[in-house]
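Report on one structure; see the data block that follows.
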Amino acid sequence: MEERYKPKKIEEKWQRIWEEGKSFQVSENSRLPKYYLLEMFPYPSGQIHMGHVRNYSIGDVVARYKRMRGFNVLHPMGWDAFGLPAENAAIERGVHPSIWTEENIIYMRNQLKRMGLSYDWEREVATCNPEYYKWNQWIFLKLYERGLAYKKISSVNWCSSCETVLANEQVIDGLCWRCDTPVAPKELEQWFFKITAYAEELLQDLDQLAGWPEKVLLMQRNWIGRSEGAEFDLPVGGRRDLKVRVFTTRPDTVFGMAYAVLAPEHPLVDRLLDGSGERAEVERFRAEVLKQSEQERTAEDRPKRGLRLSARVVNPFNGAQIPLFIADYVLMTYGTGAIMAVPGEDQRDWDFAKVHGLDIIETVRRPQGWTGEAYTGDGIKINSGFLDGLAVADAKRRAIDWLVERGIGEATVNYRLRDWGISRQRYWGTPIPILYCEGCGIVPVPESELPVELPQDVPFTGKGGSPLLESQRFLSASCPKCGKPARRDTDTMDTFVDSSWYFLRYLSPKLDSAPFDPDKAGYWMAVDQYIGGVEHAVMHLLYARFFTKVLRDLGLTKVGEPFTNLLTQGMVCKETYRCGEHGWLFPGEMIGSEKEGWRCPQCGRAAEQGRVEKMSKSKKNIVDPEELITAYGADTARLFTLFAAPPEKDLEWSAQGVEGAYRFLTRLWRFVAQHRKALASASSDLNPTELSQNIRDLRRLIHRTIKKVTDDIEGRFHFNTAIAAVMELLNALSLSVKDEAIWKDGAPLIKAGVEAIVVLLYPFVPHMASELWENLGHQRGLEEIRWPAYSLEALEEERLLIVVQVDGRVRGKITVPPDASKEFIEAEALADPKVKGFLRGKEVRRVIQVPRRLVNIVSEG
RNA sequence: GCCCGGAUGGUGGAAUUGGUAGACACACGGGACUUAAAAUCCCGAGGAGCCGCAAGGCUCCGUGCCAGUUCGAGUCUGGCUCCGGGCACCA
C-alpha cells in the first residue's frame, strides 16, 4: 500500500472493476426485495454542474447503502434531451440540435462515470431518440382516443419582429430577448391534456404520500386549489336572451351583491355593447389589460382597473338591477370568467367598490370591535332576506337549494388547476402525431406509422415560427382515412411530457412493442425513493402523477402513484462578485489580491462582494465539477457536497470545505497505511479477560457510531451528521493507537474500529473505501459486504451525566449509575454543593426530572 | 402580489420527540517538527465582564426582530423583518 493517497489512480481502478464486473446491473430475477431508486435525470446542457454532483451523490449513497442492506436496487440514469437550449445553440452556432445534444450526452455521461456513480448503464434512455419519443406519441394518441387530449385557443408570447413564439424566459421586461421588440399575446389553437379530469384524484391521493415532504404536499394542494361553491345565472337587464353565469365560493353573500364583473376577454362582452362608442372604449381597455401579465392583474396591492358597461344585470335573489363591469382582476381561465361582487365580504371587491363609488352592504354580523374592511370570517347572516339569522355554512347550503329549486344554478366544485397546454411551436421536441385532412379534418396518425420522426433538413433562424413548417417532406402526408393529401401538425410537445413517464421506460428501455413491460412495472413500481431539486415540487411531480394515473387507467400499470418517497434537495450556492459598471465578474478574471482588494479587470474599480446566490452562468459564480474532480478526485467532491449541509437545505460552496474533505480522506488513508501491518496480525476476537475502561469506552463508541450512521442514512438522509460521527470515531482511534495499553489488550478492537469506518464510508466515498478494504486484506469487495450491525449490549452506558437546573438554569452536573432511581437522582442533585448554593434561602416548590438527562429544581412560584 | 420554505459563533453546520445551545468541520491564534517553508501533529476559542500570582473559577448576555405559552423555548403560538424557491412556454 502506498503511503500517499492518489485518488486518480484508485478511482480509475475501481470504476474499471465495477464496469467490467457489471456490478450494478440488475434484473427482476432476484430473491431479494426490490428497491427502485431514482434521481431526476439531467438536461444535457454540456457539462454537469454542482447541482448534479449533489443530486447524484445523495442518490448514490442511498443506492449503495440499500444494496448493503440486502435489496435488489434498480438505479438508472438517462437524459431529458429535448428542450430550448439545443435549438438556441442551433440558431447561434449553426450546430444541429441532434448533434449538439448527442455530443453533450457523451461528454456528460463520461463525467458521471468519473464520479463513480453506481448506475445500471444498460438502461440509459435519451428522450430525443425516436425509440423513446415514439411512445410519447403513442401515449398522446391514447389520451386523444379517451378525449383527454383536445385543441383549444390559447395565447402565446409573440414577437412580431422575429415572427416567433417566445418562452416566458425569453421575455425580459416585456421585450423579446433577441431583438427587444415588445412582446404581445397571440391567440393560437393548441393541444391540451385534460389534467383537470384527474384533479380530484390528484388531490385526494396526496393523502397517501406519507413519504413526501409536507411542504411539497401543501404546494400541490394549493396548486390544484379545490374550492366548493355555486354557479348561477344573472339575467341581463332588458335582454331576455342573455345571462351571465358567475361562480362564487360564497353563495351566502348574494344579498350583498353590489355589482358583477366579466373578464375583459369574456365572449359575452361583445354582445352587451351599446354602440360604437362603448365598443371603442372596451377595445382600448382590453388592449391595456393585455399588456399586463396574469400576475400583475391579480396582484392584491395594485389598484383594480375596471370599465363600467352600459348593460346591467339582475340579482336573482332580490331582483335588484346592479352595475356590470369588465375588470382586470377577473380572469377568463378561472371559474366561469365572471363573478358577482360582494364588497362587504371580499377584499378585492371592497377595493374595487371604493374606487368606483359602489355600495357596500354587510351580510355577516361583524365580531365585537371589528375594524377591518371586508370581513371574510364566520358569523350570523344579516341584510340577507331568507338567509338572515343563519350561520355562513348553513346559509351557503340554503342559497344553493334556492338556486336549484328555481333551475338557475347549482353547487359546483371549481379548481384552480388548469388543463396542461402541451403545444410548442418549436423543432426540438416530440412531433404531435396528428394530420389535418381537408375532407376528414383532424386525423390521428395510426399507431403502426409511429414514430413520426423529426426531419433533419430544416433551417434554424430563430425567426418565422416552427422550423417544421420549412420541411415539405415532413409537412405533407396522406390521410390514413381517405388517402387524400393531408398536412402534419407542426407543433411539438412540452418536454414535461418526456419526463412524466421516463421512470417507467427504464424498466424495459429497449422494448419496441410498448412504452414499457407491464410485468416489469409490476415488479419494480412504484419508485421507492425519488430525489431531485425543490424547484420541481409542483409541475413536474404533478404531471408525472397525472401520467401514472392515465397509464394505470390504460391497464399498463397497477400503481396510481409513481413515487412512494420523495427527497427534495436544496440548491448549490456561492458568493458572487460584481463591478458597479460591468456587472457580474468571475473570481478568476478579477485583478488585485485578497489583501488589497479585488478589482474589475475592465475599469479597475473595486469589485463588490455580492451575496451568496444559486450557482448560475449568468451570475458568474459557477464551479466546474470537472476541475474539482481532476484536482481532488470524485470521493472528495462527493464527501464535500454530502458533508457541507443536509440534503434538503441549500449548500454553500466553499473551497476550504473541499480542502477539508480532502484532508480527512488523506488522514484516513495515512492512518490505515501506518497501522496496516499491526492490524493484520490482530486477531478478530477480543481477549475475554476484563477490559479496561478505555477499551470499553472505545467499544461503545464503535457501536454508537454504527448506530448513528445507520439512523442518519435510514431515517432522514442526514449524511452530514453521519460523516461527522465517522470523523469522531477516527479521532478517537487516532488517540487510542498512541496508547500502548490499548494496543496490548484492544488491538482487535482497533481493527474493528478501522473496518467499521471503511465500511460505513463506502456509500459516501466508494473508491477510497474499496481500496482501503482491499488493503486491509479482504478478498471480497465491499459490493458483497453487508452493512454492519450494532449490539444493544455494547451501547449500554455505564454512567449517566445528569444536568441539574435551578429554576430552569444549569447550575450543576452529577454522574449517576444508569439504573439510579428517581429518588436517588433527586437526592444527589439537591446534595450538589453548587446547587445548594443557589437554593440557599429558597424553598423548593417542585422537582422535574427528564429520565437519563435532567433535573430541574423549581424554587419559587 | 399569491403559494411554499429559510434565518443558530468569524464561516458551513449540530442539537432527531420542548430538556446542557454551538457536535463535526472550515477559518483563525499559539505550540511541536524543519536550516526554512509546505505538509503533518498537539493545544485554544460564542460574546461581555468579574475574581485569582497562577492553575483555574464565577456571573450575566446570547439561536433575525417583538410579544406569548411553559418549571424549562433554537424547537410551540401570534405578529413583523430580511433572504430564497414556485407561479402554468427554462428544465
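Numbered from 1 within each chain, the chains take letters A, B, ... in sequence-line order.
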- Query: Within the structure shown, what part of the strands sits under 4.0 Å from A:Phe664 by heavy-atom distance: base, sugar-phosphate, or nothing?
  - Reply: nothing

- Item | Sugar-phosphate only, base, or nothing, as touched by A:Lys738 at under 4.0 Å among non-hydrogen atoms | sugar-phosphate

- Using a cut-off of 4.0 Å on non-hydrogen atoms, how would the nucleic acid contact of A:Arg846 be classed: base, sugar-phosphate, or nothing? base

- Query: Checking only heavy atoms, does the side chain of A:Gln220 share a donor-acceptor pair with the base of B:C3 at less than 3.5 Å?
  - Reply: no

- Query: Looking across every strand, which nucleic acid part, if any, lies under 4.0 Å from A:Met40 by heavy atom: base, sugar-phosphate, or nothing?
  - Reply: nothing

- Query: Does A:Asn856 get its side chain close enough to the base of B:C71, under 3.5 Å, for a donor-acceptor pair?
  - Reply: yes

- Message: Determine whether the aromatic ring centres of residues A:Trp79 and A:Tyr502 are separated by less than 6.0 angstrom.
- Response: no

- Which base sits across from B:A15 as a Watson-Crick or G-U pair, both distances under 3.5 Å? none

- Message: Using a distance-only criterion (donor-acceptor N/O pair, under 3.5 Å, no hydrogens), is the base of B:G19 paired with the side chain of A:Gln805?
- Response: yes

- Message: Applying the side chain to side chain contact (heavy atoms under 4.5 Å, CB included) criterion to A:Gln425, which one of A:Leu188, A:Leu468, A:Leu166, A:Thr492 satisfies it?
- Response: A:Leu188

- Query: Between the base of B:C89 and the side chain of A:Gln425, is there any donor-acceptor pair under 3.5 Å?
  - Reply: yes

- Message: Applying a 4.0 Å non-hydrogen cut-off, can you work out what A:Val171 is touching in the nucleic acid: base, sugar-phosphate, or nothing?
- Response: nothing

- For atom CZ of A:Arg663 and atom C1' of B:A38, their distance in whole Å: 12 Å

- Task: Check whether the ring centres of A:Trp212 and A:Tyr530 lie less than 6.0 Å apart, and answer yes or no.
- Result: no

- Task: Go through the N and O atoms of the side chain of A:Arg426 and the base of B:C89, and report whether any donor-acceptor pair is under 3.5 Å.
- Result: yes

- Taking the side chain of A:Arg667 as its heavy atoms from C-beta onward, which of B:C41, B:A14, B:C89 lies nearest to it? B:C41

- Checking B:U16, B:A91, B:G12 against the side chain of A:Phe643 (C-beta onward), the nearest is B:G12

- Note on the structure: Between A:Tyr334 and A:Arg416 the two heavy atoms that sit nearest each other are CE1-CA, 3.6 Å

- Taking for each residue the nucleotide of RNA chain B bearing the nearest heavy atom, is the 5' side occupied by A:Ile848 or by A:Asp712? A:Asp712

- Query: B:A88, B:C71, B:A91: which one has an atom nearest the side-chain heavy atoms of A:Thr495?
  - Reply: B:A91

- Task: Look at all strands and tell whether A:Val216 reaches a base, only sugar-phosphate, or nothing, counting heavy atoms closer than 4.0 Å.
- Result: nothing

- Message: So A:Leu651, base contact, sugar-phosphate only, or nothing? Heavy-atom distance under 4.0 Å.
- Response: nothing

- Tell me which nucleotide among B:C89, B:A14, B:A21 gets nearest to the side chain of A:Ala167. B:C89

- Message: What's A:Pro42 touching, base or sugar-phosphate or nothing? Going by heavy atoms closer than 4.0 Å.
- Response: nothing

- Re B:G44: Watson-Crick or G-U wobble partner, both distances kept under 3.5 Å, found to be B:C28

- Consider the side chain of A:Val858, meaning its heavy atoms from C-beta on, and name the nucleotide among B:C71, B:U59, B:C89 that approaches it most closely. B:C71

- Task: Assign A:Ser423 to base, sugar-phosphate, or nothing according to its heavy-atom contacts below 4.0 angstrom with the strands shown.
- Result: base

- When we call it a touch if two heavy atoms are under 4.0 Å apart, what does A:Gly715 touch: a base, just sugar-phosphate, or nothing? nothing

- Sticking with atom C1', work out how far B:A14 lies from B:G22, rounded to a whole angstrom. 7 Å

- Query: B:C89 phosphate, OP1 or OP2: any side-chain N/O from A:Arg424 under 4.0 angstrom?
  - Reply: yes

- Which part of the nucleic acid does A:Ala537 contact within heavy-atom distance under 4.0 Å: base, sugar-phosphate only, or nothing? nothing

- So which heavy atom on A:Asn136 is nearest to which on A:Trp501, and how close? OD1-NE1, 2.7 Å

- Query: When we call it a touch if two heavy atoms are under 4.0 Å apart, what does A:Ile723 touch: a base, just sugar-phosphate, or nothing?
  - Reply: nothing

- Taking the six-membered ring of A:Phe352 as reference, does the NZ or CZ atom of A:Lys304 fall below 6.0 Å from its centre and within a 45° cone about the axis? no

- Query: Just checking A:Tyr329: base, sugar-phosphate only, or nothing, at a heavy-atom cut-off of under 4.0 Å?
  - Reply: nothing

- What nucleic acid atoms does A:Ser654 come within less than 4.0 Å of, heavy atoms only: base, sugar-phosphate, or nothing? nothing

